[in-house]
Amino acid sequence: MRLDVLFVNGRFTTLDPERPHATRLGVFAGRIAGLDEELDGLRADRVVDLRGAPVVPGFNDAHHHLSLRGQRMRELDLSADAVRTLDELYAKVAERAAELPEDAWVIGTGYDQTKLGAHPTRTALDAVSGGRPVWLRHCSAHMGVANTAAFARMGFTDLRQVPDVPGGTVGRDADGLPDGLLAEQAQELADRVLRPIAFEDFVAAIGLASRAAAAEGLTSFTEPGIGAGLVGNGAADLAAFQTARERGLLLQRATLMPGAPNLHEAGVFEPGREWFGLDLGVRTGIGDEWLAVGPVKLFADGSLIGRTAAMCCDYAGDPGNRGFLQEEPEVLRGFILRAHRFGWQVAAHAIGDRAIDIVLDAYEAAQAEHPRPDVRHRIEHCAVTSREQVARIARLGVVPVPQARFISEIGDGMLRALGPERAKGCYRQRSFLEAGIELPGSSDCPVVAGAPLLGIHDLVNQRTASGAPFNPEEALTPLQALRAYTVGSAYAVHEEHRKGTLSRGKLADFVVLSEDLLTVPPTRIGGITVLATVVGGDIVHDIAGLAG
């Protein structure tokens with residue numbers, strides 16, 4: 001056998017307990033043909049000298065909105081790095097509005113009211129937009145703010161006609177008129193006129209974000225929501241990802257979660273029985289090593305910093321507010337039981353402890369009624385949990401999918417929302433591991449930065465943007481954090497047989513780093529540079545000049 005490529009002179013951390021380290025790695029047909037002495041006597045079409053650099057398995061993000069990231073990269077940046085006050089935000093909106101045609105939308109993204117002091121308002125946006133419609137998305141993607149012209153585009157020239165929306169909230173002023181803020185399902189009022197974006201624009205957004213993610217060492221990811229729903233785009237989202245892959249724009253391996261609204265009665269599949277899911281019996285697992293359909297994504301509740309996540313107790317300093325569910329408990333339960341029965345892995349967005357209980361009840365009932373081996377239903381975010389809930393998650397074989405980077409970027413807001421005592425139950429990564437749960441690494445990008453090294457940094461260091469300790473008892477070691485972003489994320493989508501470790505037969509996906517993240521001081525992990533990203537033996541990002 002002649003290898004396609006031989007990587008030599010590297011310091012490989014394989015995460016394979018039978019061979020933890022290696023210096024050579026051979027690739028044939030996109031997979032690892034062997035390491036070190038297993039390669040003796042073999043030649044290769046190409047030899048790449050890694051010059052002694054440390055190498056780890058390819059980073060895999062279990063919850064990364066790549067398409068939304070690409071869309072946001074082309075919108076007005078209102079993140080904390082770009083604006084520090086509401087006045088600066090309004091100035092940015094005015095500047096962008098002045099650059100656009102009179103009837104064009106001003107779309108901004110990434111503002112955080114916990115850092116600005118308050119949400120923008122409809123009337124203030126009216127004053128700076130020159131009559132143009134404005135829609136500003138919150139960093140969490142769980143809410144946004146519209147101005148009067150935007151409401152008119154939604155069909156409400158009379159603001160008194162803007163309705164309340166089940167599963168969401170419409171902010172109102174003292175006169176009962178909308179103040180501009182639309183939370184959770186109320187965002188559908190804006191989405192129905194802003195989505196879908198054009199197919200080619202959506203493909204381009206995938207490519208734009210994919211290049212950025214490759215520079216951060218991302219070799220695979222799970223997209224949590226395509227098609228209809230809060231975070232999807234339109235009816236052809238899967239086709240758009242296929243097109244991006246065919247054109248060489250999608251550089252990573254992708255697992256795509258259809259949003260729950262996409263599942264439907266899909267016709268008779270045997271006498272007297274209707275199929276529930278996607279047309280032609282499509283369900284979790286169809287696809288290949290590059291593009292596959294994963295779990296179905298549904299929303300149980302909302303956002304922690306937006307204080308819409310469904311909690312068992314009031315938010316700190318906010319009497320009477322315990323958030324809310326986006327659907328009634330019986331509706332959530334009914335959907336989960338039906339999706340489970342028809343072969344789907346289910347991924348439920350549940351942040352608050354009340355929502356988590358409802359989802360766990362449904363998962364347990366589904367498995368009792370229709371037993372399936374090794375289902376690995378997921379709870380996306382799984383933010384606020386009691387010790388009893390952690391134990392129950394372990395017993396049921398459920399996979400929690402928390403986001404480490406929330407700690408530094410929005411951790412101060414989460415601490416304020418919970419108060420000091422309840423914050424001890426927030427993002428219990430170490431507790432999950434100690435309970436025997438396989439922990440995946442994820443970012444929820446573009447809610448926060450998507451670079452896996454930044455997520456690993458926060459898993460280890462547990463410090464907010466202000467420098468406050470977040471939940472230090474839940475800190476992981478660098479090795480545990482690396483394993484989360486590789487082995488754990490592969491486990492979350494039944495892919496551990498293909499990726500997660502660098503061992504013979506696995507996909508040849510790995511990352512070349514400037515420093516060894518397992519040996520540098522923990523506070524420097526986030527500053528490590530990705531020198532090269534390799535997917536299937538091909539170098540898709542290269543600032544080290546490895547490709548010559």
Side-chain angles (χ1 to χ4, degrees), residues 60-68 141-142 220-232 237-238 254-263 276-278 282-287 292-303 309-310 325-327 331-352 355-367 372 374-383 385 389 393 396-403 432 437-445 447 484 488-496:
N60 179 6
D61 191 327
H63 188 115
H64 188 118
H65 300 273
L66 191 86
S67 62
L68 182 60
H142 282 265
S220 55
F221 66 97
T222 298
E223 173 99 355
I226 62 169
L230 278 180
V231 291
D237 286 1
L238 178 56
T255 300
L256 309 178
M257 291 187 189
N262 297 278
L263 271 60
F276 177 74
L278 300 181
V282 172
R283 60 172 174 79
T284 299
I286 193 170
V293 173
V296 59
K297 167 77 176 293
L298 71 146
F299 283 87
D301 68 349
S303 160
L325 298 170
Q326 294 202 23
E327 300 279 2
V331 175
L332 292 168
R333 178 187 177 94
F335 179 89
I336 289 171
L337 264 65
R338 201 165 195 202
H340 170 92
R341 181 182 179 185
F342 280 85
W344 285 90
Q345 183 186 13
V346 179
H349 169 115
I351 286 180
I356 290 168
D357 266 339
I358 290 168
V359 169
L360 289 174
D361 287 346
Y363 286 165
E364 187 163 19
Q367 189 68 351
R372 286 170 49 195
D374 197 26
V375 181
R376 303 185 198 176
H377 290 322
R378 300 165 40 139
I379 298 180
E380 307 305 300
H381 311 297
C382 203
T385 53
Q389 286 175 318
I393 289 167
L396 295 177
V398 170
V399 180
V401 187
Q403 289 69 48
F432 290 142
I437 297 166
E438 191 71 73
L439 177 71
S442 74
S443 65
D444 201 17
C445 182
V447 172
S489 294
Y491 178 87
V493 287
H494 295 84
E495 281 286 286
E496 67 271 23

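For this chain, numbers begin at 1 and follow the sequence in order. Note: hydrogens, waters and symmetry copies are ignored here, and every other heavy atom, side chains too, is used. From a predicted model like this one, the values you see are computed outputs, not experimental measurements.
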Do side-chain atoms of Asp237 reach the backbone of Gly227 as a donor and acceptor pair under 3.5 angstrom?
yes

What is the distance from atom CG of Asp361 to atom CD1 of Ile336, rounded to the nearest 0.5 Å?
9.5 Å

Would you compute the distance between atom CD1 of Ile351 and atom CZ of Phe299 and round it to the nearest 0.5 angstrom?
9.0 Å

Keeping the roles fixed (side chain from His142, backbone from Ala309), state whether a donor-acceptor pair exists under 3.5 Å.
no

CD1 (Ile356) and OG1 (Thr385) are apart, to the nearest 0.5 Å, by 6.0 Å

Would you confirm whether Lys297, through its side chain, and Pro224, through its main-chain N or O, come within 3.5 Å as a donor-acceptor pair?
yes

Roughly how far apart are Thr222 OG1 and His63 NE2, rounded to 0.5 Å?
9.5 Å

Distance (rounded to the nearest 0.5 Å) between Glu496 CD and Ser489 OG
12.0 Å

Of the non-hydrogen atoms in Ala362 and Leu337, which two are nearest, and what is the gap between them?
O-CD1, 3.5 Å

On a heavy-atom basis, the closest approach of Pro258 and Leu278 is CG-CD1, 4.1 Å

Verify side chain to side chain contact (heavy atoms under 4.5 Å, CB included) between Glu438 and Val399, making sure each step is shown before the conclusion.
CA-CA 7 Å; Glu438 191 71 73; Val399 180; over 6 Å; no

Heavy atoms of Pro440 and Pro402 approach each other most closely as O-CD, 4.2 Å

Locate the shortest heavy-atom distance separating Val346 from Tyr363; write the atom from each residue and the value.
O-OH, 3.3 Å

If you count the non-hydrogen atoms of other residues, nucleotides and ligands that lie under 6.0 Å from CD1 in Ile286, is the total more than 12?
no

Closest approach of Ala62 and Val401, non-hydrogen atoms and distance?
CB-CG1, 4.0 Å

Counting only N and O atoms by type, is there a donor-acceptor contact under 3.5 Å from the side chain of Asp61 to the main-chain atoms of Phe221?
no

Has the side chain of Asp301 got a donor or acceptor atom that lies under 3.5 Å from a matching backbone atom of Ala355?
no

Arg283 charged N/C atom sitting above Phe342 aromatic ring, 6.0 Å / 45°:
no

CD on Gln326 to CG on Leu298, rounded to 0.5 Å
9.5 Å

Side chain to side chain contact (heavy atoms under 4.5 Å, CB included) assessment of Trp344 paired with Leu263
CA-CA 10 Å; Trp344 285 90; Leu263 271 60; 3.7 Å; yes

Return the orientation label for the His381 and His349 ring planes: parallel under 30°, perpendicular over 60°, tilted otherwise.
perpendicular

Just by distance, do the side chain of Ser443 and the backbone of His64 share a donor-acceptor pair under 3.5 Å?
no

Give a yes or no on whether the backbone of Ala365 and the side-chain of Gln367 come within a donor-acceptor separation of less than 3.5 Å.
no

What's the verdict on side chain to side chain contact (heavy atoms under 4.5 Å, CB included) for Leu360 and Ile393, showing C-alpha distance, side-chain angles and the deciding distance?
CA-CA 7 Å; Leu360 289 174; Ile393 289 167; 3.9 Å; yes

Do Ile358 and Arg333 have side-chain heavy atoms sitting under 4.5 Å apart?
no

If you take all heavy atoms of Val375 and Gln345, which pair is closest and at what distance?
O-CG, 3.7 Å

Would Thr284 and Val296 count as a side chain to side chain contact (heavy atoms under 4.5 Å, CB included) here? Give the steps.
CA-CA 8 Å; Thr284 299; Val296 59; 5.9 Å; no

